[in-house]
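To start, the structure under review is shown below, and the notes come after it.
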Amino acid sequence: MTWRRTSSTATRLGRQLRHDPRSVALMLVVPCVLMTLLRYVFDAQPPVFDRIGPMLLVIFPFTVMFVISSVAMLRERTSGTLERLLAGPIDRAELVVGYGLAFGAAAVVQVGLVSALSFGLLGLDVEGSVVLLLAVAVLVALLGLALGLLVSAFARSEFQAVQFLPAIVLPQFLLCGLFVPRDEMATALDWASRALPLTYAVDAASRAASESGIGASLAVDLVVVMAAVPAALFLGAATLRRRTA
């Protein structure tokens, strides 16, 4: 894998994103709108917003990046662009990492905007480190990106790519402990949640928002999420098909 071919892929995707206002709006505007809605849903209960806000600060970018990356990679395949690229010197790993760099930069901007809104205008208040929470949010957005690239290999149309949202994301959303503490779930569901990366992402966000430093439990959560990102990218590169039948 060479840096020149990887960076050229990232640059090309960056240019495409700049000329796709709908995708830009989905990435940058939708998480801000959702966080604003959440704030005013709990308008009479500010402590509730302060408790669940940090967790949703990572879930919203995760979900949006999952959808954007899966549809974008599928579009490359159905348009024939991917087949033309892979007919040249670029390999699958360079292509996937290039996607990761381009959308990773978008994820940083996305998290920066929604965080500035949340901690500024919406008055989100946390006891822990804001910087650490933002780092967790960027990492989880990258996780959503990596999983989106992985599942795009199994879709034949953009509609099918979006269908993976309830199949892949919503079960993690329900089992991550946001609504009910995991130790209060049925034993089978508790054990299932331990195999889902979003569980560790939400735990990391919750601990970053409430702890001043990186304790042992937070370190474990971060290691799991950081390991899941390259693992999903590797599997995405290994399963990437040149075209859709």
Side-chain angles (χ1 to χ4, degrees), residues 24-68 106-145 147 165-166 169-186 189-190 193-194 196-222 224-226:
V24 172
L26 180 60
M27 283 191 295
L28 303 183
V29 178
V30 170
C32 294
V33 172
L34 292 176
M35 189 60 73
T36 302
L37 288 175
L38 179 71
R39 165 64 180 84
Y40 289 104
V41 165
F42 295 106
D43 190 40
Q45 299 173 290
V48 177
F49 177 67
D50 292 338
R51 179 176 62 83
I52 68 173
M55 292 182 280
L56 290 175
L57 186 66
V58 304
I59 288 177
F60 290 155
F62 169 88
T63 305
V64 171
M65 294 307 297
F66 177 90
V67 174
I68 288 291
V108 172
V109 176
Q110 178 191 64
V111 170
L113 285 177
V114 71
S115 300
L117 174 67
S118 300
F119 291 107
L121 295 177
L122 301 182
L124 180 63
D125 185 30
V126 298
E127 297 179 0
S129 170
V130 173
V131 174
L132 181 57
L133 179 59
L134 297 185
V136 172
V138 171
L139 180 62
V140 178
L142 293 177
L143 175 63
L145 156 70
L147 290 177
L165 179 66
V169 175
L170 292 188
Q172 298 190 67
F173 186 78
L174 294 174
L175 297 178
C176 68
L178 178 64
F179 300 106
V180 178
R182 290 188 293 116
D183 56 8
E184 295 180 11
M185 297 180 184
L189 295 182
D190 181 27
S193 70
R194 298 170 188 265
L196 302 175
L198 190 59
T199 297
Y200 299 92
V202 169
D203 283 351
S206 178
R207 291 190 171 103
S210 59
E211 301 174 2
S212 57
I214 302 179
S217 297
L218 176 56
V220 171
D221 293 332
L222 292 175
V224 171
V225 177
M226 286 189 290

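In this structure, the separation between CG on L37 and CZ on F60 is 8.5 Å, given to the nearest 0.5 Å. Taking CD1 from I52 and OG from S206, the interatomic distance works out to 11.5 Å, rounded to the nearest 0.5 Å. One distance of note links OG of S129 with CZ of R207; it measures 16.0 Å at 0.5 Å rounding.
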Under 3.5 Å, side-chain donor or acceptor atoms of residues 170-182 against the rest of the protein: list the pairs with distances, not counting sequence neighbours.
unit_1, atom_1, unit_2, atom_2, d
Q172, OE1, L198, N, 3.0
Q172, NE2, I168, O, 3.1
R182, NH1, S193, OG, 3.4
R182, NH2, D203, OD2, 2.9

Can you list, pair by pair, the side-chain donor-acceptor contacts under 3.5 Å of residues 112-124, counting residues two or more places apart and other chains?
unit_1, atom_1, unit_2, atom_2, d
S115, OG, V111, O, 2.7
S118, OG, V114, O, 2.7

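T36 contributes a side-chain N or O that, together with a main-chain N or O of C32, makes up a donor-acceptor pair within less than 3.5 Å. Using a distance-only test at 3.5 Å, with no hydrogens or angles considered, a donor-acceptor pair links the side chain of D50 to the main chain of D125.
In this structure, the side chains of R194 and T199 stay at 4.5 Å or more apart for every pair of heavy atoms.
Of all heavy-atom pairs spanning M226 and L139, the tightest one is CG-CD2, 3.5 Å. Considering all non-hydrogen atoms of both residues, G53 and M35 come closest at O-CE, 3.9 Å. Contact between P46 and D43 at its shortest, heavy atoms only, is CD-O, 4.0 Å. For the residue pair A137 and L57, the shortest heavy atom distance occurs at CB-O, 4.2 Å. When all heavy atoms of D190 and M185 are compared, the closest pair comes out as N-CB, 4.4 Å. Among all heavy-atom pairs drawn from A209 and V126, the shortest one is O-CB, 3.5 Å.
Under the ring pair (Phe, Tyr, Trp, His ring centres under 6.0 Å) criterion, Y40 pairs with no residue, sequence neighbours left out.
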(request) Could you walk me through whether D221 and V136 pass side-chain contact (heavy atoms from CB on, under 4.5 Å), step by step? (result) CA-CA 10 Å; D221 293 332; V136 172; over 6 Å; no
(request) Test side-chain contact (heavy atoms from CB on, under 4.5 Å) on L34 and V64 and set out the steps. (result) CA-CA 11 Å; L34 292 176; V64 171; 5.5 Å; no
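Atom CG of L26 has more than 12 neighbouring heavy atoms from other residues, nucleotides or ligands inside a 6.0 Å radius.
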